Amino acid sequence: MSTAVTATVSAVCATVAVVITIAVIRRCRRWRWKVYKKFMAKITDEINRRNRELEACAAVNDVVIEIGPVEKFLHEILNEKPMRFSSEQLASCTGKYSTELGSGGFGVVYKGELPNGLPVAVKVLKVSMNKKVQEGFMAEIGTIGRTYHVHLVRLYGFCFDPDTKALVYEYLENGSLEKYLYRDGEGAGDGERKERLEWRTLHSIAIGTAKGIRYLHEEFQQRIVHYDIKPANILLTADFTPKVADFGLARLGERENPHMSSLTGGGRGTPGYAAPELWMALPTTEKCDVYSFGMVLFEILGRRRNYDAQLEDESREWFPKWVWDKYEQGDMECIVSAAAGIGEADREKAETMCKVALWCVQFQPSARPTMSSVVRMLEGEMAIVPPVNPFHYVSGGGSSSSWALSSSTGTGTFTSSSRDTGWDSKVSAASTPGKPTDAMVKSVESTDPVTT
């Protein structure tokens, strides 16, 4: 009996032990799972934290990468304004003024190179700065120093030390247009013979120059009158892109005041290119630049100086007047033939340039087109009214060549009033040589000698 009880108790105890063991094992498993989950949660949190740190570092790196171009951009913007150089800096960048590019009454131009490798032309003015040189110095900085255009020479900076007065420009490899226009490279200097430019290149140079002048007159925040447009002041890049240069005579004017009546010519400009109102000391407008550009167009058209006393045919001595005479006679073939290098494909462009030039050199400033109209006419976007005689003011008592010679010295005889009578007088003046055509009458209401 006792043996059976003992066996039963032992079985029960064994069962209880098994149950307890199983329970403990299960509890241990649950505890281990909880510990595992906490451990994995901590690892996950740590991984997420590391990822966030890496992302933050990457974002910082991105910001650093973006700041670089912005800083460079801002630096370039600041450098667009003329910088002030010291005389020591200019001496260093020009190799102590070792390479001379040219000289004139203003001083000497040297080739140089800025520390960043940019080639420059340094115009060193005479140390004894008289009033004229001083005005030119301030005009350059006050006008071209404020502008930036593909067809205007860039002014990088200046020097105004006691012993050095200089202006620093971009360097243009091909020099001035003057060196390419005249016979045998006349004006090239130092015995240098320049290549003969194709007509299409010259035509492109004319349009680019017109766009540069248009920007000065109509697109800049203030109107700028250059006063000295001529081939010597049209510089060319390596690919013959033209840039208007030399703003020593330029003046700023208020855009609301188109006539700039407070300014008078007073002998500004270069004889042969200067408009009549300049050397007659009359109130001037931007139309004096239009006149000068017209004279440049004649020289491009003929590949010669407008006045050449060495020609045997006296009627050809003053080229603009000869062009008008042939145009009035309807002999455009003679004009185009005289313009060497113009092929049949470019004949229409040459005739257009001829008409535009005749309009640009009209005696009355109001009769000359604006530069925006000049650009549109040269590009063939605007029809041209047949021009009227721009030389009717020449006294009949002398030849056109004698007039050209006298005008180059600032004297001349006129048969018409210098008063700006405008378009109405041109239409009603039946006695004026080159009487306006019907097409002209229809366009009188326009301020420009063109029809759209």
Side-chain angles (χ1 to χ4, degrees), residues 151 172 174-188 194-214 226 228-237 239-246 269-270 272-275 289-308 311 316-324 326-327 332 334-362 368-369 371 373-380 384 387 390 404:
H151 293 299
L172 300 178
N174 280 322
S176 71
L177 174 62
E178 180 183 40
K179 300 176 181 180
Y180 296 87
L181 283 183
Y182 312 127
R183 293 192 303 270
D184 299 326
E186 178 188 351
K194 290 293 183 180
E195 63 182 282
R196 188 175 182 83
L197 296 181
E198 294 183 355
W199 161 252
R200 292 187 180 182
T201 301
L202 289 173
H203 185 260
S204 177
I205 290 172
I207 293 177
T209 303
K211 289 179 178 179
I213 304 172
R214 178 184 65 182
H226 188 282
D228 201 17
I229 301 295
K230 57 183 179 180
N233 289 339
I234 300 171
L235 304 185
L236 306 172
T237 65
D239 62 352
F240 293 100
T241 298
K243 291 177 179 280
V244 179
D246 199 344
T270 300
Y273 302 97
D289 286 347
V290 178
Y291 182 97
S292 300
F293 179 72
M295 286 299 179
V296 172
L297 288 184
F298 280 122
E299 295 197 337
I300 291 176
L301 189 65
R303 293 180 187 257
R304 50 158 288 184
R305 294 190 183 278
N306 283 331
Y307 179 72
D308 188 351
L311 296 177
R316 288 177 175 251
E317 286 183 358
W318 194 26
F319 187 64
K321 181 63 167 60
W322 178 84
V323 169
W324 164 255
K326 294 301 178 184
Y327 174 80
M332 290 298 295
C334 186
I335 298 174
V336 174
S337 299
I342 298 179
E344 189 62 31
D346 298 316
R347 180 188 183 90
E348 184 177 350
K349 291 182 179 179
E351 293 180 359
T352 295
M353 183 179 290
C354 172
K355 296 175 185 177
V356 173
L358 289 170
W359 270 123
C360 287
V361 299
Q362 291 292 315
R368 303 168 199 157
M371 287 308 300
S373 293
V374 168
V375 171
R376 293 177 65 192
M377 287 188 285
L378 288 175
E379 291 185 329
I384 308 174

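For the single chain, residues carry numbers from 1 onward in sequence order. Note that the structure is predicted; figures quoted are calculated from it, not measured.
- Every salt bridge (Lys or Arg N to Asp or Glu O under 4.0 Å) that K230 has, sequence neighbours left out, goes to D228.
- Note that CZ of R196 and CG of L181 are 10.0 Å apart. Values are rounded to the nearest 0.5 Å.
- Heavy-atom minimum distance, G294 versus C360: CA-CB, 3.5 Å.
- H226 places a side-chain N or O within 3.5 Å of a backbone atom of A245 that can act as its donor or acceptor partner.
- You'll find the side chain of Y180 reaches within 4.5 Å of the side chain of N174, heavy atoms only.
- Counting non-hydrogen atoms of neighbouring residues, nucleotides and ligands closer than 6.0 angstrom, the CD atom of E348 reaches no more than 12 such neighbours.
- Between the CE atom in M377 and the CE atom in M371 there is a gap of 9.0 Å [rounded to 0.5 Å].
- No side-chain heavy atom of V244 sits less than 4.5 Å from a side-chain heavy atom of H151.
- Taking 4.0 Å as the cut-off between side-chain N and carboxylate O, R347 and E351 count as a salt-bridged pair.
- Residues P320 and V361 fail the side-chain proximity criterion, which asks for heavy atoms closer than 4.5 Å.
- The aromatic rings of F319 and W322 lie parallel to each other, with less than 30° between the two planes, well short of the 60° mark.
- Here the straight-line distance linking atom CG of L236 with atom OG1 of T201 works out to 10.0 Å at 0.5 Å rounding.
- When all heavy atoms of N306 and M295 are compared, the pair lying nearest together is ND2-O, 3.0 Å.
- Atom CH2 in W199 sits 8.0 Å away from atom CZ in R303 (nearest 0.5 Å).
- Side-chain contact between Q362 and P390: present, with at least one pair of heavy atoms (C-beta onward) separated by less than 4.5 Å.
- The shortest heavy-atom contact between L301 and A350 is CD1-O, 3.7 Å.
- When all heavy atoms of Y327 and P387 are compared, the pair lying nearest together is OH-CD, 3.0 Å.
- Taking every heavy atom of both residues into account, A232 and S176 meet most closely at O-CB, 3.6 Å.
- When all heavy atoms of L378 and M353 are compared, the pair lying nearest together is CD2-CA, 4.2 Å.
- A donor-acceptor contact shorter than 3.5 Å is absent between the side chain of R316 and the backbone of W318.
- Contact check for L172 versus T241: no side-chain heavy atoms found under the 4.5 Å cut-off.
- Annotation: side-chain hydrogen bond (donor to acceptor under 3.5 Å, both in side chains) contacts of R214 (sequence neighbours excluded): E219.
- Taken from CD1 in I300 to CZ in F293, the straight-line distance is 6.5 Å, to the nearest 0.5 Å.
- Interatomic distance, K179 NZ to I234 CD1, rounded to the nearest 0.5 Å: 14.0 Å.
- D289 has its side chain out of reach of Y273: every pair of non-hydrogen atoms, C-beta onward, lies at least 4.5 Å apart.
- Residues C354 and L358 form a side-chain contact, since some pair of their non-hydrogen atoms from C-beta on lies under 4.5 Å apart.
- Annotation: side chain of V336 is not in contact with side chain of D346 (no heavy-atom distance under 4.5 Å).
- Under the 3.5 Å distance criterion, the side-chain polar atoms of T209 are matched with a main-chain donor or acceptor of I205.
- Between the side chain of E299 and the backbone N or O of R305 there is no donor-acceptor pair closer than 3.5 Å.
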